[in-house]
Amino acid sequence: MDPVTCVIVPVGSLGTGVNEDHLRLGVAAGAHAIALDAGSTDSGAAYLATGRSKYGRDAIKRDLSILMRVRAEARIPLLIGSCGQSGCDIAVDWTRDIAVEIARENGLRPKIAILYSEQDAAALIDMSARGAITPLAPMGPIEPSVLRSCAHIVALMGPEPYIAALKGGADIVLGGRATDTAVIAAVALMRGAGAGPAWHAAKVAECGGLCTVDPTDGGVLIRIGRDAFEIEPLSPANRCDPYSVSSHMLYENGDPFRLVEPGGILDVTDARYRAAGDRVVRVTGSAFEPRPYTMKLEGAASGAFQTIMLIGIQDPKVLAAIDLFTERLHGALLDRVQRTIGAGAGDFDISLRVYGWNAVTGERVEDTPAAPREVGILFVATARTQEMATNIARTCNPYFFHFPLVRGGELPSYAFAFSPAEIERGQVHEFKLNHVVAVSDASELVRTAWVDLEAEGAVSHG
Amino acid sequence: MAKVGDVCRHVRSKNAGPFWVTVDFFFDGPENFDRYSGSPSLHADSIARLCGTQGAHVRSFVVRDLLMVKLTYPRRFPQGGICERDMHSGQQYVRFLDLEL
């Protein structure tokens, strides 16, 4: 399997807890690089719409400190993709600032390449007019107004900008939005590994230990050759087996055999997985079909505002008729808003979600013999402004708190969890794009900046 | 006849990007896989009815090596909308557990 490129994927996402001992085992095994991603769209559009990180600054700083110290000792590059969760420019800069802070605190002087892949709506509207943007199912053709409505738009980078940064002397590459696979495959592709094995290994390794028998136990090491790759856990106590590795292609993928990447399609239809010893799996037969270069676009926009309230109910009579109760309560709340705020409430929505009963489906419960022991009812008011959403919540408060199952008699009081009862939740964020843009060059939509702490150090000590 | 929950050792669901849900049915062995993986209940049109979409939008994959069937369908509402109830679609598999095969 010569020449082999050995890459450590220490964790599925930066900030979730790098294990330094495991990382060092990977270095001792001869790693040529450390690669991982720091983001995803999985947790919703809020992160791209706002540019905020999903994980806390301390969590990112802890992991990044370990990675930067170990890479400096080992003198191997560190590649990170989708910095700051969404990979938009402010999220990348946020990560860059943490990296610079770590370097200064630890006396490190890496040369850092920063790759930006956020896109300007106006430029994309021009590209769209030239026919360069194509929708992916289930979306239709793109509208300029939709592009303009997005707070941030990013294009998913392939491995090429990472490779260019490494060739330019980068010790660390902090990238904006990229495919997870591209970041992990980059060094192997640069060193001449087979494209099929490189992309497939990267796909299997992208969630760190998720392709191992015990996904809670650390990251993985991949060895990528011309026609095959091997994967093993970094933790000596953990194992990969053919099942854990092959089934990972199913995870979060619509299609378990073919994965579309910026410059082609990974096809694992003919891949063969076999155990190579107790804890290593060897994979052959992975193929990569080059295609015209496209970058997937992600865009998020912020819309209406929400204010929420939560009550707990243990009253057995209410619980025995929970559907009827919720229906009547919902009607009473809508009526209350119409009568009290009227047209001023604008285009609003009130949603009641009964946790402990049917909040997750929102569908009527059939064939359930027993009433729940208690439920929590989440009240969600959605309106054009935060002020109006809160106004609606406050207007509904006494009804939500005291609504009786049957009229007459003493009013019940349900169990509010907080005072004040209402919580301003902020805006609703939505993904607006599911499109690809065709480019003639993999770096056409990517901008590279450099932070050269080595040169800075040389100057300050010069 | 058997229910999904009786013949699968594991069923799971997850978002596959912001616009799709993917559900994995891992059968409990070759016998039940051979017997039920081709069941009409797992065909696109039946799944579409359960998930409020059209059969043409449902993608289905039978993976014999893993004794599993994978179904992928579009979300009824894009992830994170005003009525979002399951951000990561991680609980969507539950509606299939009682499906008769």
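Note on naming: letters A, B, ... go to the chains in the order of the sequence lines (proteins, then strands), and numbering restarts at 1 for each one.
Interface remark: of the candidates A:Gly254, A:Ser40, A:Gly303, A:Gly254 forms the most heavy-atom pairs closer than 4.5 Å to chain B. Contacts with chain B were tallied for A:Thr361, A:Thr41, A:Val360; A:Val360 has the most, counting heavy-atom pairs under 4.5 Å. Annotation: maximal heavy-atom pairing with chain A below 4.5 Å, among B:Met68, B:Lys70, B:Gln91, occurs at B:Lys70. Among the candidates B:Val94, B:Val63, B:Leu71, the residue making the largest number of heavy-atom pairs closer than 4.5 Å to chain A is B:Val63. Counting heavy-atom pairs under 4.5 Å between each of A:Pro256, A:Ser351, A:Ala45 and chain B puts A:Pro256 at the top.
For A:Glu298, no part lies near chain B; criterion is any non-hydrogen pair under 4.5 Å. Proximity to chain A is limited to the side chain of B:Asp24, based on heavy atoms less than 4.5 angstrom apart. For chain B, the nearby part of A:Gln306 is the side chain; its heavy atoms alone come within less than 4.5 Å. The part of A:Thr382 that comes within reach of chain B is its side chain, from C-beta onward, which places non-hydrogen atoms under 4.5 angstrom from that chain. Heavy atoms closer than 4.5 Å to chain B are found in the side chain of A:Arg272, but not in its backbone. Heavy atoms closer than 4.5 Å to chain A are found in the side chain of B:Phe26, but not in its backbone. Of the two parts of B:Arg75, neither the backbone nor the side chain holds a non-hydrogen atom closer than 4.5 Å to a non-hydrogen atom of chain A. The contact between A:Asp349 and chain B is made entirely by side chain atoms (from C-beta outward), counting heavy-atom distances below 4.5 Å. Neither the backbone nor the side chain of A:Tyr273 comes within less than 4.5 Å of any heavy atom of chain B.
The closest donor-acceptor contact from the side chain of A:Thr212 to the backbone of A:Gly209 lies under 3.5 Å. With hydrogens and angles disregarded, no donor-acceptor distance shorter than 3.5 Å links the side chain of A:Ser13 to the backbone of A:Thr16. Side-chain N or O atoms of B:Asp6 include none that pairs as donor or acceptor with a backbone N or O of B:Ala2 at under 3.5 Å. Remark: the backbone N or O of B:Ala56 is not paired with any side-chain donor or acceptor of B:Gln54 at under 3.5 angstrom. Judged purely by atom type and a 3.5 angstrom limit, B:Ser13 uses its side chain to pair as donor or acceptor with the backbone of B:Gln92. Of the possible donor and acceptor atoms, one in the side chain of B:Trp20 sits under 3.5 Å from a partner among the backbone N and O of A:Ala137. Checked by atom type and distance alone, the side chain of A:Glu261 never pairs as donor or acceptor with a backbone atom of A:Ala182 at under 3.5 Å.
Salt-bridge check for B:Asp34 with B:Arg64: passed, with a basic side-chain N closer than 4.0 Å to an acidic carboxylate O.
Between A:His152 and A:Ser86 the shortest side-chain heavy-atom distance does not fall below 4.5 Å.
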